[in-house]
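Quantities reported herein were computed from a predicted structural model and do not represent experimental measurements. Note that ligands are numbered from 1 as they come in the structure, with each ligand's atoms numbered from 1 the same way. In what follows, residues are counted from 1 in the order of the sequence shown.
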Amino acid sequence: MVSGPGADIYRSLGVKPIITASGSTTAYGGSKLRPEVKEAMDKAAGTMVNIDDLNRAAGKVIADITGAEAGFVSSGSAGGLILQAAAVMAGNDPAKMKRLPDPTGMKNEIVIHRSHRFPYDQCYLATGATFREIGDGRRCHPWELEDAINENTAAVAYLFSNFLTRRALPFEQVVEIAHAHDVPVIVDAASYVPPRANLKRFIAQGADMVQYSGGKAVRGPQGTGILCGREDLIEAAFASASPHQFIGRGMKVSKESIIGLVEAVQLFVDEDEEAETRLYTSMCQQVVDALIEIPGLNINIEHDAYDYLTPHAVMKFTNDWRGPSRDETFDAMVAGDPPVYLHNIHHPDELAVDPFNLEAEELDIVIRRLREVLLGH
Ligand SMILES: *Cc1c(COP(=O)(O)O)cnc(C)c1O
């Protein structure tokens, strides 16, 4: 059983608390909010403020942390991608802003690598944009990007995401080509922190707008996002966003959420990343130690600069494996009490434990249950 006052609140509605060993997965709760953030939100919730004033002040904090000219607290990264598209299409022109998602009279093509098509790209299309795809899904040549850019191009989109990024042209090359044609580059790096250095990296490399999630590794309010970039484009995003009555109005961020994000991101950048990595590595090592002798299962700690940005204990179900299949294992972990959600998105023959959302006692439960399920007792 998951315990604590939070567990009781959910149980009173008949909802089972879970253990999230999959990282900051939105569907499994995102991340645990920092105590300091809860306190700041609690205070902010009881005091009234002009939302535009608050958004501008929060934007300055984001600009400072990211090294961008300006910033904005969006409604998740998904909401921020809609604002990115609105900004590059309609700019700050109210007549155009009001017309969206009808893109008449606007540049409305977003160039995107085929290898970067992903479930969230529908957010870009929500503004009436259309995609012009480049590359064949495995790789892309610079001339394909050159060829795709035309007088109707609103932006080039670029995705930083585990296992996908490197199938595209290198980011700096994309920036160089797009900027030579005066086309902005908009970036989704929602889950690409830590490393904390990534909060500055893409802006420094020439991105015009970059999006990060506030409710994932940053441990801010689950519904928030961090949008940063060029002054004029952020100004346009601000203009299209709630509380203004344009396409972003459906993606309201509350005053206490804005305060919560500001508090969370400041705490996040001040944390000791090496200590964090050591902690996650030692937690992963416990998983490895508990499962290493099970025949047919390969278990390793993965941690690299592109795909596993923080340490994960990755289990590979090899040809010699005789126990429950990878999918049966995942399902059996979910079917137990408490339900345990493992990381399952990257490879069809792998499952992983991401310690990000686990307390020590929860890790113990995960390990015990994994041994029960894998060893069949
Ligand atoms: C999580 C994620 C999103 C959506 O972020 P939210 O903050 O949950 O709205 C968008 N793009 C990518 C690559 C993501 O990983």
Side-chain angles (χ1 to χ4, degrees), residues 20 22-34 37 58 62 66 71-87 110 112-127 129 131 155-168 171 174 185-195 198-199 201-202 207 209-229 237 241-242 247-248 250-254 257-258 260-262 264-265 268 306-310 312 341 343-346 352 354 356-357:
T20 300
S22 62
S24 60
T25 314
T26 297
Y28 311 144
S31 44
K32 291 178 183 164
L33 207 56
R34 297 165 188 277
V37 171
I62 291 175
T66 58
F72 186 75
V73 180
S74 62
S75 122
S77 283
L81 299 185
I82 298 181
L83 295 180
Q84 285 186 345
I110 296 179
I112 189 168
H113 285 82
R114 270 197 182 80
S115 61
H116 281 183
R117 294 300 311 271
F118 68 124
Y120 295 101
D121 66 26
Q122 187 175 17
C123 298
Y124 284 136
L125 303 178
T127 57
F131 285 141
V156 178
Y158 200 91
L159 174 66
F160 280 98
S161 187
N162 325 58
F163 295 95
L164 295 177
T165 302
R166 281 183 294 173
R167 293 186 183 277
F171 183 63
V174 168
V185 178
I186 56 179
V187 173
D188 177 3
S191 305
Y192 227 56
V193 288
N198 279 359
L199 281 176
R201 185 174 138 207
F202 313 121
M209 292 181 112
V210 186
Q211 182 67 49
Y212 305 96
S213 290
K216 294 180 179 169
V218 173
R219 298 186 203 268
Q222 197 184 358
T224 58
I226 299 167
L227 176 59
C228 62
S242 179
I247 197 158
M251 306 177 299
K252 182 194 288 186
V253 185
S254 69
S257 286
I258 297 169
L261 183 276
V262 167
V265 71
F268 175 71
Y306 302 98
D307 299 326
Y308 291 103
L309 300 190
T310 57
H312 286 52
Y341 288 88
H343 184 95
N344 72 338
I345 55 174
H346 291 326
D354 177 346
F356 171 77
N357 265 318

Quick one: look up the protein heavy atom nearest [atom] and list residue, atom name and how far away it is.
{"atom": "atom 11 (N) of ligand 1", "answer": "D188 OD2, 2.6 Å"}
{"atom": "atom 8 (O) of ligand 1", "answer": "T26 OG1, 3.4 Å"}
{"atom": "atom 14 (C) of ligand 1", "answer": "K216 NZ, 3.0 Å"}
{"atom": "atom 4 (C) of ligand 1", "answer": "Y120 CE2, 3.3 Å"}

Would a distance-only check, ignoring hydrogens and angles, find a side-chain to backbone donor-acceptor pair under 3.5 Å from [X] to [Y]?
{"X": "Q211", "Y": "I226", "result": "yes"}
{"X": "S77", "Y": "S213", "result": "yes"}
{"X": "N357", "Y": "G23", "result": "yes"}
{"X": "T20", "Y": "Y28", "result": "yes"}
{"X": "Y124", "Y": "Q84", "result": "no"}

Using a strict 4.0 Å cut-off to heavy atoms of [X], name the atoms of ligand 1 that fall inside it.
{"X": "L159", "value": "13 (C)"}
{"X": "S191", "value": "1 (C), 14 (C), 15 (O)"}
{"X": "S213", "value": "5 (O), 6 (P), 7 (O)"}
{"X": "A78", "value": "4 (C), 5 (O), 6 (P), 9 (O)"}

Between [X] and ligand 1, does any nitrogen or oxygen pair lie at a separation below 3.5 Å?
{"X": "S77", "answer": "yes"}
{"X": "Q222", "answer": "no"}
{"X": "T224", "answer": "no"}
{"X": "S75", "answer": "no"}
{"X": "G76", "answer": "no"}

Distance-only polar pair, side chains of D354 and H312, donor-acceptor under 3.5 Å: yes

S31 side chain to Q222 side chain, donor-acceptor N/O pair below 3.5 angstrom: no

Cation-pi check, R117 onto F131 ring (under 6.0 Å, within 45° of axis): no

Residue portion contacting ligand 1 (non-hydrogen atoms closer than 4.0 Å) for Q211: neither

Winner among G79, A190, S161 once heavy atoms are compared against atom 12 (C) of ligand 1: A190

Flag if over 12 foreign heavy atoms under 6.0 Å of NZ, K32: yes

Heavy atoms of other groups near F118 CZ, more than 12 under 6.0 Å: yes

Ligand 1 contact by F118, heavy-atom criterion under 4.0 angstrom: yes

L81 touching ligand 1 at heavy-atom level, < 4.0 angstrom: no

Aromatic ring proximity, centroids under 6.0 angstrom, Y192 and Y212: no

